[in-house]
Every structure is written in structure tokens, then in C-alpha cells.
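Just below is one structure, and these are the notes that go with it.
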Amino acid sequence: MIEPGRTIGIVGGGQLGRMLAMAGAQLGYRTHIYDPHERPCAADVAAEFTRAAFDDRAALDRFATSCDVVTYEFENLAVEPLAGIGDKLRPGTRSLSVAQDRAAEKSFIESAGSRVAPWRAVASLAEVEAAVAALGCPLVLKTRRYGYDGKGQAWIRWPEQAAEAWAAIGEQPAVAEKGMNFDAEFSIIIARGVHGDTAIFPAPRNDHREGILRTSTVPAGPAIASLVPAASAMAGAIADALGHVGVLTVEYFACADGPVVNEIAPRVHNSGHWTIEGAATSQFEQHIRAICGLPLGSTALRGPGATMENLIGPDADRWPELVSEPGASVHLYGKGEARPGRKMGHVTRVG
Ligand code: ADP
Ligand code: MG
């Protein structure tokens with residue numbers, strides 16, 4: 001067990017690292033942030049900060065030596081330099097390498113017994129055209145690596161759009177995935193401890209706009225509730241198969257014939273931010289508990305429900321009005337410039 005007072009290393013200094021550091025501090029841990037940027041927002045709330053490249057093996061080794069356990073809040077990291085951290089790295093490199101490559105991810109999810117949208121790996125226009133012929137339209141191309149918030153994706157609604165979509169994603173290795181008809185989207189946020197114990201939060205319903213999460217709501221409603229048992233079993237099987245330690249998020253499409261896995265994230269997730277006020281234990285504290293070998297906390301709702309709204313780009317300028325709103329819990333990430341599409345904060349309303 002890694003006891004309070006010890007140091008938790010976090011690779012990545014964005015808002016997830018910031019909220020992990022705050023949860024760690026509540027339990028008496030020190031945190032050390034590792035990030036290549038000059039002043040990442042997580043470093044503002046951490047005990048220590050190392051500024052170095054994610055693939056700087058020597059700097060990573062020094063950082064890991066100064067920490068009692070190391071985690072990551074970001075999956076687009078080179079795996080090989082992190083492998084040297086060994087057992088101190090939680091979750092391990094297996095979760096990272098599977099989650100950062102959409103083709104490896106889909107194969108892995110299928111091998112763990114879950115359903116994904118019909119898909120193919122593609123690496124040339126000819127392969128995109130073959131995928132269109134095999135899977136039909138609409139179809140979405142997603143780069144295998146580095147996609148987030150809908151970036152690195154292009155839709156093919158008619159076969160004639162194949163070349164345009166292939167160009168739009170920069171002619172990179174990709175997956176071609178059938179466009180799914182779904183009633184809603186939801187996620188399962190599961191924590192798995194060092195002994196394989198698991199705990200699952202109530203599933204939020206997730207609404208996206210332009211590929212970016214806008215709101216997460218619990219309870220998710222009856223249509224999603226009926227799919228949660230099957231989805232939870234899938235998430236448990238995926239976490240076990242990865243040997244995952246920490247929080248793992250699985251995103252689903254709620255389809256007429258059952259849940260279909262969209263993607264996984266080997267970490268705390270935007271759709272779990274409501275747990276800070278809405279659940280007995282937050283997803284951030286739960287991750288800290290899991291990686292430190294503490295007992296997992298209760299995932300029960302504190303009240304009837306909660307809604308989390310993201311503050312994206314200029315939305316954050318609404319903060320004066322939001323801080324005046326009774327019962328609204330406002331979170332601002334201290335990220336500086338409110339570029340369009342950038343996640344600047346969120347607000348949670350409980351009850
Ligand atoms: P990101 O890494 O950007 O979150 P996702 O694969 O989750 O990428 O895609 C973002 C959003 O795009 C999804 O939440 C969903 O709304 C939509 N989407 C992605 N794939 C499909 C699909 N196969 N069919 C229908 N909608 C999709
Ligand atoms: Mg997603």
C-alpha cells in the first residue's frame with residue numbers, strides 16, 4: 001500500500017492531472033507533475049513539476065525514482081520510454097498501448113467479448129474504398145492515433161467521398177468504422193484495484209456537439225438503464241483482460257439491439273466529472289485509491305442525480321453568472337487562453 005504522505009507522479013499536466021492532484025492532496029498525498037509545457041494547469045496545484053519531453057527516457061527515469069507510484073492522465077504517450085518505470089506505473093503500459101491505437105483497441109475489445117461497430121484497418125485509398133464497399137455508408141474514418149474531441153475524423157456519406165475523407169484525415173493509418181444508429185451515448189466508469197476488485201459509478205448519459213462532450217447526466221434514463229448491466233459486464237471483462245489498475249472509462253452507443261463499445265480511455269474521463277459533487281467518492285479520488293492500493297470508495301449517488309456541463313472556449317466567460325447561480329459548482333482549470341474548442345472548465349448541478 002502506498003500510504004498518505006507519499007508522492008504520486010502524474011504524466012500529463014492538463015485538467016485531469018489537476019483534478020487528480022487535488023483529490024490526492026485531500027488524502028494527504030504529494031503529487032509531482034511531468035509535462036513538456038512551460039506552465040501546465042496541473043502544476044499549479046502540485047508539490048513538484050518536471051518539465052521534460054514525454055519521450056525523454058532519462059528525465060522520466062529520474063521523475064519515476066522520485067515518486068512512489070506513477071500514473072498518466074493522457075494516452076498519447078510513447079509507450080517504450082514509460083516501460084522502464086515497471087510496476088510503479090499504474091495502469092501499466094498494456095492499457096496505454098491498447099487505448100492509443102484505435103485498431104489495437106477494437107481488436108482487443110472484440111477479443112474481450114464485447115461488440116464494436118463493424119470496422120476495418122485502412123492504410124491507403126484503395127483500402128478505404130474496399131472498406132466502403134464492404135461496410136457500406138455512412139462510414140467514419142478515424143486516424144489510428146492522436147484523435148480526441150472529434151479531431152482526426154472524417155465521414156463518408158456517399159462512396160464518392162472516400163478520397164476527400166482520406167485526404168481530410170491526412171492520409172494516415174486509420175480505422176474505417178460503420179456509422180451507427182443509436183438512441184444515445186453513455187459511459188461506464190470502472191475502477192479496478194491492485195487485487196482485481198472493481199467498482200462502477202452510475203452510468204452517465206453523454207451528449208456531444210461537434211464531436212465534443214457537452215453534458216453528462218445521471219441518472220441516464222430508462223433506455224440506458226436497461227443496457228447498463230450488459231455494458232458493465234463488458235467493462236469489467238475489458239478491465240480484467242487489460243490487468244488494469246486505476247479508473248478505466250468505456251464509451252458506448254445505446255443501440256436498439258444492445259450496447260456497442262465506441263472507445264475506451266485508460267483514465268478518468270470528462271463524463272465522470274459530475275462525481276466530484278454527485279457521488280460519494282469522486283472518480284479522481286477513486287483513481288488515487290486504486291493506484292495506491294487503498295480500498296475503493298463507494299460509487300453511490302449523493303442525491304437524486306447530477307448534470308455536468310462543459311465550458312468550452314468562450315463558454316468560460318460566463319463564470320461571473322455561474323458563480324452567482326445557487327447550487328452550481330463551478331470548476332475553472334486555469335488554462336489561460338480560451339481558444340475555440342478548448343476545455344476551460346465545467347459546471348455541475350446536483351439534484
Ligand atoms: P474522440 O476520441 O474524439 O472522443 P470518438 O470515437 O468517441 O472520438 O468520436 C466522437 C463522437 O463522434 C462520438 O462520441 C459519437 O458522437 C460520434 N461517433 C464516433 N463514431 C461513430 C460511429 N461509428 N457512428 C456514429 N457516431 C459516431
Ligand atoms: Mg470519445
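Remember, predicted model here, so these are calculated numbers, not experimental data. Indexing begins at 1, ligand by ligand and atom by atom, following the structure's order.
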Item to complete: May I ask you to identify the nearest protein heavy atom to atom 2 (O) of ligand 1, giving residue, atom name and distance to one decimal place in Å?
Response: R102 NH2, 2.9 Å
Worksheet item: Which N/O/S atom belongs to E263 and is the closest one to the Mg ion (ligand 2)?
Response: OE2
Worksheet item: Taking both backbone and side-chain atoms of M180, is any N or O found less than 3.5 Å from an N or O belonging to ligand 1?
Response: yes
Worksheet, complete the sentence: the protein heavy atom lying closest to atom 21 (C) of ligand 1 turns out to be F253 CZ, 3.5 Å
Item to complete: Examine Q153 against ligand 1 and note whether any of their N/O atoms are separated by less than 3.5 Å.
Response: yes
Discussion item. Does only the side chain of Y146 get under 4.0 Å from ligand 1, or the backbone, or both, or neither? Count heavy atoms.
Written reply: neither
Worksheet item: Any side-chain donor paired with an acceptor under 3.5 Å for E251 and H269?
Response: yes
Practice prompt. Look only at the side chain of Y72 and the backbone of G92, and say whether a donor-acceptor pair between them is shorter than 3.5 Å.
Written response: yes
Practice prompt. Examine ligand 1 and decide if any of its atoms is less than 4.0 Å from a heavy atom belonging to W155.
Written response: yes
Worksheet entry | Test side chain to side chain contact (heavy atoms under 4.5 Å, CB included) applied to V11 and L82, T50, D35, the passing residue | L82
Fill in: Centroid-centroid under 6.0 Å between H32 and F49 rings
no
Worksheet item: Is it the side chain, the backbone, both or neither of V140 that has a heavy atom closer than 4.0 Å to ligand 1?
Response: side chain
Worksheet item: For ligand 1, which atoms sit closer than 4.0 Å to a heavy atom of D149?
Response: 1 (P), 3 (O)
Discussion item. Could you check whether atom 11 (C) of ligand 1 has a protein contact, counting only heavy atoms that fall below 4.0 angstrom?
Written reply: no
Worksheet entry | Identity and distance of the protein heavy atom lying nearest atom 1 (P) of ligand 1 | E263 OE2, 3.4 Å
Worksheet item: Would you say E185 has any N or O atom under 3.5 Å from an N or O of ligand 1, going by distance alone?
Response: yes
Worksheet item: Looking only at atom types and distance, does a side-chain atom of K178 sit under 3.5 Å from a main-chain N or O of W119, one as donor and one as acceptor?
Response: no
Worksheet item: Within the side chain of Q161, is there an N or O that forms a donor-acceptor pair under 3.5 Å with the backbone of I156?
Response: no
Item to complete: Could you tell me whether R214 and D315 make a salt bridge, using a distance below 4.0 angstrom between a side-chain N and a carboxylate O?
Response: yes
Discussion item. Using a 4.0 Å cut-off to any heavy atom of E251, which atoms of ligand 1 qualify?
Written reply: 7 (O)
Discussion item. If we set the cut-off at 4.0 Å for heavy atoms, which region of N206 has an atom near ligand 1: side chain, backbone, both, or neither?
Written reply: neither
Item to complete: Determine, counting only non-hydrogen atoms of the protein, whether one lies under 4.0 angstrom from atom 17 (C) of ligand 1.
Response: no
Practice prompt. Check E210 against ligand 1 and report side chain, backbone, both or neither, counting heavy atoms closer than 4.0 Å.
Written response: neither
Item to complete: Measure from the side-chain N and O atoms of K142 to the backbone N and O of G152, and report whether any donor-acceptor pair falls under 3.5 Å.
Response: no
Worksheet item: Where does the angle between the aromatic ring planes of H331 and H346 fall among parallel (under 30°), tilted (30 to 60°) and perpendicular (over 60°)?
Response: parallel
Worksheet item: Under 3.5 Å between some N or O of ligand 1 and some N or O of G150?
Response: yes
Worksheet item: Mind checking whether F186 and I109 sit in one hydrophobic cluster, side chains of I, L, V, M, F, W, Y counted as touching below 4.5 Å?
Response: yes
Worksheet item: Counting from 1, what ligand 1 atoms have a heavy atom of H208 closer than 4.0 Å?
Response: 14 (O)
Practice prompt. To the nearest 0.5 angstrom, please state how far the CD1 atom of I312 sits from the CZ atom of R342.
Written response: 13.0 Å
